[in-house]
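Working notes, structure below.
Counting starts at 1 for both ligands and their atoms, in listed order. In what follows, residues are counted from 1 in the order of the sequence shown.
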Amino acid sequence: MTYKVAIIMGSASDYPIMKEAELLLKDFGIPTHVEVVSAHRTPEKMVAFAKAAKSNGINVIIAGAGGAAHLPGMVASLTSLPVIGVPIKSSNSIDGWDSILSILQMPNGIPVATVALNAAKNAGILAARIIGATDPEIGSIIDAYAKQMEAAVEESQERLTQR
Ligand code: RP5
């Protein structure tokens, strides 16, 4: 089977956050592949995964990790695919800044698109936008999603007005 978006994470304990990306992409009809890949505990698996990702049909990689969060940056250094990093406030995070800065502060040449703390849903939307830039079907799903959000804001405004 060919997957479009890989969702990887440093530990299964990250999954309650990372599943938001999986659910969003499922809603958009984009196939996902979900796997635990740890930069520190399974470094050789990480290298093999990142090097094979493109030839395995993956278009975008979403990588979540907490604490000393090296997974997104290391994976980005091993593939030319776009990598979206999700900083996670995990059991070994001080306050989440450790994960944010570990993922955000990449050196020039190896970018990681970093979303907000625990914002796996936004990572899913960004992955869909990357695919939607060249896939008109996905592009129109994203347009419809934006319209739905707009309508929801209008409805909430009406409820406020009628209070
Ligand atoms: C990181 O350490 C993982 O991404 C996770 O956020 C954190 C804690 O992992 P566990 O000790 O819960 O397995 O590498």
Exercise. Any side-chain heavy atom of S93 sitting closer than 4.5 Å to one from D98?
Worked result: yes
Problem set entry | Minimum heavy-atom distance between M46 and V75, given as atom pair plus value | CG-CG2, 3.8 Å
Exercise. Could a heavy atom of D14 be found less than 4.0 Å from some atom of ligand 1?
Worked result: yes
Exercise. If you measure only the distance, is there a donor-acceptor pair under 3.5 Å linking the side chains of S80 and K54?
Worked result: yes
Exercise. Does ligand 1 have any atom that is closer than 4.0 Å to a heavy atom of R41?
Worked result: yes
Exercise. Under 3.5 Å between some N or O of ligand 1 and some N or O of H40?
Worked result: no
Problem set entry | Minimum heavy-atom distance S99-A65, with the two atoms named | CB-O, 3.9 Å
For this session: Provide the closest heavy-atom pair for N59 versus P82 in the form atom of the first, atom of the second, distance.
Result: O-CD, 3.3 Å
Exercise. Considering only protein heavy atoms, which is closest to atom 12 (O) of ligand 1, and at what distance to one decimal place?
Worked result: S13 OG, 2.6 Å
Problem set entry | Numbered atoms of ligand 1 (with element) below 4.0 Å of A65, judged on heavy atoms | 4 (O)
For this session: Compute the shortest N/O to N/O distance between G66 and ligand 1 and return yes if it is under 3.5 Å, no if not.
Result: yes
For this session: Note the single closest protein heavy atom to atom 7 (C) of ligand 1, along with its residue, its atom name and the distance in Å.
Result: N92 OD1, 3.1 Å
For this session: Have a look at V34 and tell me which of M9, M18, K19 forms a side-chain contact (heavy atoms from CB on, under 4.5 Å) with it.
Result: M9
Problem set entry | Per atom 9 (O) of ligand 1, closest listed option by heavy atom (S90, G10, S11) | S11
